[in-house]
Trainee: 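Submitted below is the structure of interest, expressed as structure tokens.
Letters go in sequence order (proteins before strands), and every chain restarts at 1.
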Amino acid sequence: DLRLLLVVRTLPWRALPGAIANPYYVYLSEVMLQQTTVPTVISYFNRFITKWPTIEAFSRATLDEILLEWQGLGYYSRAKNLKLAIEKIIKENRFPQSHEALIHYPGIGDYTSKAIASICFDQPVLPVDGNVIRVFARIFNISTPLPALKKEIIIKAEQVGAGKRPGDFAQALMDLGSLICKPKNPKCDECPLMSLCDGYKNKTYQSLPVRLEKINKPMRYGTAYVIQNHGQIIIEKRSDKGLLANLWGVPTSGWNLFLKDEKKIGNAQDKERVKHVFTHFTLYLDIHYIKIFPCEVVKLKSNQKFVTLDEIQNYALPTLMKKIVQKLDL
DNA sequence: CTCCGGGGTT
DNA sequence: AACCCCGGAG
């Protein structure tokens, strides 16, 4: 039977043996883990629960305060959704407990709703994340390529069931995926499920799960403007929609696609250019340094302000903008 | 340097 | 199907 596994890892959001998991901790950590690895999440998570120990405390934080703590984690709309969902929960005065109830909150989908329901409330559901997909694809030797594979595994997981301790089963399966049944060089000789693994039996496990073609990312380029005056620079708050929404950074030009035969980028030195990779394109920004003369009058847009390098710590900057600011020596 | 993993929304 | 970001592995 698949449902005989031990939870291996101790993590700050996990309950001690015999204790009940804190839904706020599990929810917060799951959202962070949607985009980042465990070692990175641990420090972010600890800062969050120190600053906001309960969902009540969290619900009183502004989006700007949350983004300041979230900076560097990426996928910034998740911080916004987390805030919206927690405000809703506080208003309702009750933490939703079932997969069906949870899935209607912003930013909570199939995986996160099942993770919270099973880990915190012992609901009989199995969250299917990348680890579970990989483990199931190998155990049952399924060669359906991603992303279609995911739906197949979700159905398979419903058939397998969640056992008597759904939360432990879910976490054990994810631990197995991350520590033993790894994407590369899995430790099959240490695996408690070796004897029932069809992928191991058929020696297909290394190539599972199968994923379809990867497409080349297009490149974009533009200019970032570092506008200085007396040890201060101009930063601006980005729009509340689209890429890096609600975050701060130096002003930039538009980010243009390279035309097919266009000369790539200029001959700027490393110090004057940053490269940053997003999900669907790679960005190159040449940095232009502009000094304002004392007699010049600068008219700032409503979303712009002058700040010193010290003051910039109080604004949420994405990693792209940190790369630029770190080069500065005012 | 390049590649890749990781859920949810629209 | 496209969009949303970053860090770790190799």
Side-chain angles (χ1 to χ4, degrees), chain A residues 26-44 67 69-85 99 102-116 125-135 137 145-151 153-154 157 170 173-175 177-179 181-186 206-220 238-249 255 257 270 273-285 316-323 326:
Chain A
V26 172
Y27 176 23
L28 177 61
S29 66
E30 288 298 347
V31 175
M32 290 177 169
L33 289 164
Q34 286 171 12
Q35 59 214 331
T36 316
T37 54
V38 168
T40 305
V41 165
I42 287 176
S43 61
Y44 278 91
L67 286 173
E69 294 298 319
W70 197 269
Q71 58 180 324
L73 264 181
Y75 289 147
Y76 297 95
S77 68
R78 288 166 201 233
K80 189 177 175 184
N81 285 334
L82 182 64
K83 174 178 167 54
L84 291 173
H99 153 62
L102 284 156
I103 201 166
H104 299 297
Y105 291 78
I108 298 184
D110 183 80
Y111 167 77
T112 309
S113 57
K114 289 176 176 171
I116 297 171
V125 285
L126 177 59
V128 174
D129 71 346
N131 289 309
V132 176
I133 290 174
R134 188 170 58 254
V135 171
L146 288 164
L149 174 65
K150 183 173 179 174
K151 273 184 189 162
I153 303 280
I154 288 174
L173 217 41
M174 291 188 258
D175 286 352
S178 103
L179 302 175
C181 197
K182 300 183 296 179
K184 288 178 183 158
N185 310 315
Q206 296 128 342
S207 58
L208 296 175
V210 176
R211 62 191 68 248
L212 286 180
E213 92 298 342
K214 57 173 198 309
I215 51 143
N216 283 343
K217 282 178 205 266
M219 288 190 281
R220 290 173 178 263
R238 299 174 58 83
S239 143
D240 64 353
K241 285 192 259 308
L243 202 63
L244 305 174
N246 295 307
L247 273 79
W248 291 78
W255 302 350
L257 276 169
D270 181 59
R273 178 187 304 147
V274 291
K275 176 191 178 187
H276 192 75
V277 182
F278 291 98
T279 307
H280 44 299
F281 64 90
T282 301
L283 174 69
Y284 294 89
L285 285 182
L317 265 62
T319 301
L320 163 66
M321 294 299 174
K322 295 233 170 196
K323 287 178 186 171
Q326 274 162 14

Trainee: Taking only the side-chain heavy atoms of A:Lys150 (C-beta and beyond), determine which of B:dG5, B:dC1, B:dG8 contains the nearest atom.
Mentor: B:dG8
Trainee: Are any of A:Arg134's side-chain N or O atoms less than 4.0 Å away from OP1 or OP2 of B:dG6?
Mentor: yes
Trainee: How does each nucleotide of nucleotides 4-10 of chain C score, in 5' to 3' order, for protein heavy atoms under 4.0 Å: base (B), sugar-phosphate only (S), or none (-)?
Mentor: BBBSS--
Trainee: What's the separation between atom CD1 in A:Ile42 and atom OG1 in A:Thr36, rounded to the nearest 0.5 Å?
Mentor: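 If I round to the nearest 0.5 Å, the distance is 12.0 Å.
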Trainee: Could you pull out the closest heavy-atom pair between A:Tyr76 and A:Gln71, with the gap in Å?
Mentor: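 Taking every non-hydrogen atom into account, CE2-CA, 3.9 Å.
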Trainee: Please report the distance, rounded to the nearest Å, between CG in A:Leu149 and P in B:dG5.
Mentor: 13 Å
Trainee: With rounding to the nearest 0.5 angstrom, report the CG to CG distance, A:Leu320 to A:Leu247.
Mentor: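 Between atom CG of A:Leu320 and atom CG of A:Leu247 there are 10.5 Å.
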Trainee: Counting the benzene-type ring for Trp, do A:Phe278 and A:His280 have ring centres under 6.0 Å apart?
Mentor: no
Trainee: At less than 4.0 Å, is any side-chain N or O atom of A:Arg211 found next to OP1 or OP2 of B:dC4? Yes or no.
Mentor: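 No, because none of the side-chain N or O atoms of A:Arg211 sits under 4.0 Å from OP1 or OP2 of B:dC4.
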Trainee: Please assess A:Tyr44 against A:Glu69 for the test side-chain contact (heavy atoms from CB on, under 4.5 Å), listing each intermediate value before the final yes or no.
Mentor: CA-CA 8 Å; A:Tyr44 278 91; A:Glu69 294 298 319; over 6 Å; no
Trainee: Specify the residue among A:Leu33 and A:Asn81 whose closest nucleotide of DNA chain B lies further upstream toward the 5′ end.
Mentor: A:Leu33
Trainee: What is the separation between atom NZ on A:Lys80 and atom C1' on B:dT10, rounded to the nearest whole Å?
Mentor: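 From A:Lys80 NZ to B:dT10 C1': 14 Å.
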Trainee: Mind checking A:Lys182 for me? I need base, sugar-phosphate or nothing, with any heavy atom below 4.0 Å counting as a touch.
Mentor: nothing
Trainee: Please give, in whole Å, the distance from B:dT9 C1' to A:Ile108 CD1?
Mentor: 14 Å
Trainee: Please examine the side chains of A:Lys323 and A:Lys275, heavy atoms only from C-beta on, and report whether any two atoms are closer than 4.5 Å.
Mentor: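 No - every pair of side-chain heavy atoms lies 4.5 Å or more apart.
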Trainee: Atom CD1 of A:Ile133 and atom P of B:dG6: how far apart are they, to the nearest Å?
Mentor: 8 Å
